[in-house]
Structures are given as structure tokens and as C-alpha cells.
Amino acid sequence: MPELPEVETVRKTLRNLILNRTIESIDVYYSKIIKEPNLSDFTSKLVGKTLKDINRQGKYLIFIFDDIALISHLRMEGKYFIKDQSESIEKHEHIVFNFTDGTSLRYHDVRKFGTMDLRYLNEIYTTNPLKKLGLEPFDPLMKVAYLKDKLSKKEVAIKTCLLNQQIFTGLGNIYVDEVLFLSKLNPEKKASKLSNNDFQKIIDNSVKVLNKAILLGGTTIRSYTSSLGVTGRFQNELNVHTKIGEPCPICNTIIEKIRVNGRGTYYCPNCQK
DNA sequence: GTGACCACCTGGCCGC
DNA sequence: TGCGGCCAGGTGGTCA
């Protein structure tokens with residue numbers, strides 16, 4: 001599933017391919033992807049607009065048009081593909097942005113979990129969904145003091161807290177498992193029990209894991225591929241996620257799988273006590 | 001305010 | 001072979 005490194009890979013790929021194209025029309029085959037505004041306003045506000053830039057905040061893609069931004073979340077299996085308009089619409093292609101040059105940007109989502117919102121440029125960061133996001137690990141303000149302030153009174157598992165995008169933005173299930181492994185922290189340990197040193201390790205290892213994943217184009221597990229079918233290579237670097245029954249790369253203890261707040265969680269019971 | 005739980009959604013996998 | 005049930009999981013909403 002797309003997490004921050006996968007979204008960043010999609011952003012870079014699309015930015016290189018479709019900048020400065022102008023929307024001629026939009027075909028919507030599954031309108032529930034669009035959250036705000038309504039379908040009619042969504043299309044009328046975008047048609048005729050030229051794509052100026054593509055940014056990212058956490059796991060959200062931000063398509064910057066002339067005066068308006070399309071904020072897209074890929075959720076579990078969202079993908080973008082660029083195709084000629086003459087190519088037939090495939091199953092699971094729910095929203096198609098047709099450009100004036102005869103090409104199209106197609107949003108493909110098997111599980112239909114993805115979302116799209118339109119916002120004027122001056123309200124992108126002052127309204128949801130981006131307003132509520134916490135800091136990314138790369139943010140200069142991401143310090144031990146920030147995490148301590150947010151987590152020191154949390155009586156829930158640290159894994160649950162790191163998946164909370166309102167606190168720690170950008171990590172999903174895969175990378176949280178990897179960060180906690182590198183930090184030698186048990187995913188079920190209560191956030192309130194963590195030390196300053198633990199918080200620092202979480203920050204450092206998050207940056208380390210995400211940077212490496214971005215470099216390798218993200219992680220390809222199950223069905224995820226970025227736009228144009230580009231697959232990531234970070235899955236070859238995973239230490240614990242999906243490694244149930246395999247030996248820990250550090251101590252050879254067998255990796256176990258548990259559920260933390262309903263999420264499949266992989267960890268080494270020896271390294272992460 | 002906090003934490004637990006559920007809905008959304010479909011393909012893949014497993015057991016019968 | 002075919003069918004039913006479960007699992008995967010990010011986020012928002014609801015409820016206690």
C-alpha cells in the first residue's frame with residue numbers, strides 16, 4: 001500500500017511526465033472517490049486548468065493547478081496511469097482527467113478507498129485534510145520535545161501512535177514495523193513509557209528508513225505499483241514486516257506476528273522486548 | 001479528550 | 001471445481 005516513500009515516487013514520476021498539461025474534460029466512473037466539492041463543481045472547477053506543480057504532504061499528493069489544488073490520497077491501492085485517450089477504460093479506472101494534448105491521467109483503485117478533495121490554493125493547509133496532519137520525520141521541528149509533548153500521556157501502544165497521522169505523518173504499517181525494529185522497541189509498549197532516548201531513536205530511524213525507501217522507489221507488496229507500473233525495491237530491505245517465521249537478521253530469533261489495534265504487526269520478540 | 005470499534009471495498013487465499 | 005468466509009489496511013465517524 002502506498003506510504004510516504006511510494007507517494008513521493010508517484011509524485012516525482014508524474015511531475016516529470018505531465019506538468020503544464022491542461023485539462024480538457026473529466027470522466028468520473030465512481031464518484032464516491034470525490035469528497036469535496038460535489039461532482040459538478042469538481043469537474044467545472046478543474047476543466048480548463050493547467051497543472052503547474054505536484055507537491056506532497058505526508059501521504060497526500062497535491063496537484064497544483066492555476067488557482068486550485070487537487071488533494072489526492074491513494075489509501076490502500078490507488079495508482080495513477082498516463083494513457084492516450086484512445087485507450088479503452090479498464091476496470092478499476094474510476095476518474096480520468098483528459099488533457100488537451102490527447103493524453104489522459106487515470107486514477108485506478110481496486111478497493112475504491114482513495115479520496116480526492118479540491119481546495120483553493122490559499123486554503124490548502126488551513127482546511128482538512130491537510131490541516132490536521134502532524135509533523136513528518138523530515139520536518140526541522142520534529143524533535144524529542146515534540147514527540148514527548150504529543151505522546152507522554154498516551155496510554156496506547158507506540159505503534160498505534162506512530163500510525164496516527166495527526167501526530168506522526170508519513171509512516172504506515174510497513175514502515176512503523178521497520179522503525180520499531182531498528183529502535184528495538186516493542187510495538188505494544190505504551191507510548192507514555194518511552195524515554196527521551198526512545199523518541200530520538202524513533203525520529204532517527206524514521207528518517208533513515210524513509211530516505212532509503214524513497215531512494216529505492218518505495219516498497220512493492222501485494223498489488224502496489226506506482227504510476228506507469230514502476231515497482232519499488234525497498235521490500236528487499238525489510239527486516240521484519242511480512243517475515244513471520246523467518247530468523248531475525250540480528251539475533252536469529254523467529255519473527256512473530258501479532259495484532260496491535262487490529263493491525264498485523266511483525267516484530268522480533270528478543271530484540272524488541 | 002481519549003480510546004476502542006466499525007465501515008468503507010475488492011481480490012486473494014484457505015478450508016470444506 | 002465452486003462456494004463461503006476471512007484477511008489485508010488508512011482514515012473518518014461513532015460511541016462509551
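Chain identifiers are assigned alphabetically (A, B, ...) following the order of the sequence lines, protein sequences preceding nucleic acid strands; residue numbering begins at 1 within each chain. For the numbers below, each heavy atom of this structure counts, side chains included, while hydrogens, waters and symmetry mates do not.
The shortest distance between the side-chain N/O atoms of A/K112 and the OP1/OP2 oxygens of B/dT10 is below 4.0 Å. Phosphate proximity of B/dG11 to A/K91: present, with a side-chain N or O under 4.0 Å from OP1 or OP2. Residue A/R263 has a polar side-chain atom (N or O) positioned under 4.0 Å from OP1 or OP2 of C/dG10. Within the 4.0 Å cut-off from OP1 or OP2 of C/dT11, at least one side-chain nitrogen or oxygen of A/Q165 is found. When the side-chain nitrogen and oxygen atoms of A/Y30 are compared with OP1 and OP2 of B/dC9, one or more of them lie within a distance under 4.0 Å. Contact check, A/K59 against C/dG10: no side-chain N or O comes under 4.0 Å of OP1 or OP2.
Taking atom CG on A/L151 and atom C1' on B/dG1, their separation rounds to 16 Å, with Å as the unit. In this entry the distance linking NZ of A/K32 with C1' of C/dG12 reads 13 Å, nearest Å.
A/N173 pairs with exactly one of A/K159, A/H241, A/R263 by the side chain to side chain donor-acceptor pair (under 3.5 Å) rule, that one being A/K159.
Ring stacking holds between A/F113 and B/dC8, with the centres under 5.5 Å apart and the planes within 30 degrees of each other.
Side-chain contact between A/E3 and A/I174 is present, with heavy atoms from C-beta onward closer than 4.5 Å.
A/D53 meets the side-chain hydrogen bond (donor to acceptor under 3.5 Å, both in side chains) test with A/R15; sequence neighbours excluded. When the side-chain hydrogen bond (donor to acceptor under 3.5 Å, both in side chains) test is applied to A/R56, the partners found at least two apart in sequence or on another chain are A/E8, A/E136.
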